[in-house]
There are 2 protein chains.
Amino acid sequence: MITIKDVARLSEVSISTVSRVINDSKPVSPEVRRRVLKVIEETGYKPNDVARSLVTRRSYLIGVIVNNLAQSYVADIVRGIEEIGKMYGYDILLCSSYSNKETQEKYLQLLDRKQAEGLFLVGNRFDSDVLELAKSLGKPSVFFTRDVNDSMNYISIDSSAAIYEMTNYLINEGHENIAFISDFENRTSVENDKISGYMKAIEDNELDYSKVFVAGSGKHNKAYELGKTISKDSVDFTAAVCSSDEIAIGIMNSFSDNGINVPNDVSVVGYGNIREGRFVRPELTTIGEPYYDVGAVGMRMLIKTIKGDRTQKGLMELPFTIEKRNSVKTIK
Amino acid sequence: MITIKDVARLSEVSISTVSRVINDSKPVSPEVRRRVLKVIEETGYKPNDVARSLVTRRSYLIGVIVNNLAQSYVADIVRGIEEIGKMYGYDILLCSSYSNKETQEKYLQLLDRKQAEGLFLVGNRFDSDVLELAKSLGKPSVFFTRDVNDSMNYISIDSSAAIYEMTNYLINEGHENIAFISDFENRTSVENDKISGYMKAIEDNELDYSKVFVAGSGKHNKAYELGKTISKDSVDFTAAVCSSDEIAIGIMNSFSDNGINVPNDVSVVGYGNIREGRFVRPELTTIGEPYYDVGAVGMRMLIKTIKGDRTQKGLMELPFTIEKRNSVKTIK
DNA sequence: CTGAAAGCGCTTACAG
DNA sequence: CTGAAAGCGCTTACAG
């Protein structure tokens, strides 16, 4: 392995000088610079970032803890984090915790020892011990979580407003009997927000009908079962607002298998804009959350904080979008 | 920040001794050990891995370069890599290249400077310059690529055998007119393997009919267009083997939109077992590649190589699975 | 079992 | 503009 010492020796200067030309940190005479550069070129010397880290106390490493990369929204957030990180010279140390508290704590310690400069935690919910530990590390941190209870930096999306807007959209399309299919077992504050967005739309429009079904946390499968149950009784609503795309697709599939046509018999909308929504028939109308941007914006906050900007505090709220596709019928 | 020096001072021993109790590297008297441990406990001292790396020349970092984390199979591979890596104390430095050659080269350099101990490259195809560079770094490396041309370590799946088996499955279900829908524009050696698997099945069963369509690389959309064209002419096959699930779903959707029922009129099978295949109706019969295992097995190879095992050379072939779902009709 | 010292590959005052 | 020296936080022969 060729080191700065070798370069110094071969170009007959001190290692200080070599360091200066590598980092362009101080003036070096053109002649000397050329000589050093030539040796670097010839030897293929590349500075050792570990050594550099030790003295500069900068690792340019960001620790990212996620629950499960297999969820496409998580992957999108990570893409956003990485892209912005790379723009500023930061690298990503990826840790998947699969929602396990002990694993999260282990990784937090690990990231601390690796001298990560910042932490980006992505998860539905964090145990208060984990939050505590993260805080105790004294590193700039950003959270993307559905369950905020703290004075931490975090990114969020106003899911209540999103459901409110979506429900209003259905009402404008002529629907009056609108049900909400909730992921109740897995209830978080976000789930409550969604339900309240739905209820508010019903109330604001003075509709008589409202009904909340509970699909359970199995997502697609549980929703499929619920759909079967609903199909057996007569369906008394013309539109269903679902708490997630997985639920919406599960419901659509079970309706389809039980002779209920979407959207002709019932309109169905989801939340999340997962990729699958474009592949199913009819294509699912849904609420899009800008996950890539969550990563990107969060990372910008994080980097600013690392750079000493203390104004980057508290909540950053990102806009949602209504993706209108073919699972809603206009009835008026 | 509290260092080993502080711990040494507070427990009134030398830093050598502290190092020994931290690493359990040499005998330390129980009494001294207790004292040191107590100070570590009290101060919350955690060793600085950067400093440790510098002297041990071990970073326990694996550089992972992928094309795009948004592809679910890529995320699965990364999960496998990370999981096994963590089991052996390795961390993952994630780099997304979005198939850009210059980006890949940049990240390779970066990973080298960061002293990554091994490289895991995931991509359909790598430019020979990239392969060259990767090799020149002299680090243990594993590739998962569809386009192998070298004496490198790589993981693969016998796609020819997979398509062969799938085609035979259709034949056993009574199909005699079977078409292959290829991703020809994006032709790689894998694409050729797939076609040859298809042709071999046709020949081995002495069928008269064979036809290869070209869907083009736009995947879902291009396949949708092709499906429209096929629908307009009369469909003269009863089953279609598709080169990828995206193509299969595109074809199924355009058939569905043009009044051709899958599987009653035409059976369709895919390749890849992407999540969407379970969400579409009918659920897609397809070939599964064990992506998580690709990451896990590849990482095991990589770690063994890092540990000096030179037998870990060449190809590692992983088994595929036939996922039988509802897009195939039995006609006999 | 323990400690003093050298050294990992760099950066950065400091002095000239 | 340049170099000698100190030091980042550790590990590890070496000597005792």
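Order of the sequence lines sets the chain letters (A, B, ...), proteins ahead of strands, with each chain counted from 1.
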Legend entry - Any side-chain donor near an acceptor of the partner, B:Ser19 and B:Ser16, under 3.5 Å: no
Inset, instruction - Between B:Arg57 and B:Pro27, name the one whose nearest nucleotide on DNA chain C is closer to the 5' end. - result: B:Pro27
Legend entry - Nearest-nucleotide 5' precedence on DNA chain C, A:Ser25 against B:Lys26: B:Lys26
Inset, instruction - Find out whether the Lys NZ or Arg CZ of A:Lys114 is both under 6.0 angstrom from the six-membered ring centre of B:Tyr60 and within 45° of the ring's axis. - result: no
Taking any heavy-atom pair under 4.0 Å as a contact, classify [X]: base, sugar-phosphate, or nothing.
{"X": "A:Thr3", "value": "sugar-phosphate"}
{"X": "B:Asp49", "value": "nothing"}
{"X": "A:Ile15", "value": "base"}
{"X": "A:Val50", "value": "nothing"}

Is [X] near enough to [N] that one of its side-chain N or O atoms lies under 4.0 angstrom from OP1 or OP2?
{"X": "B:Ser19", "N": "D:dT11", "result": "yes"}
{"X": "B:Lys5", "N": "D:dC8", "result": "yes"}
{"X": "B:Thr56", "N": "D:dT11", "result": "no"}
{"X": "B:Asn48", "N": "D:dC8", "result": "no"}
{"X": "A:Ser16", "N": "D:dG3", "result": "no"}

Legend entry - For C:dA4, the Watson-Crick or wobble partner whose two distances fall under 3.5 Å: none
Legend entry - Watson-Crick or G-U wobble partner of C:dA13, both distances under 3.5 Å: none
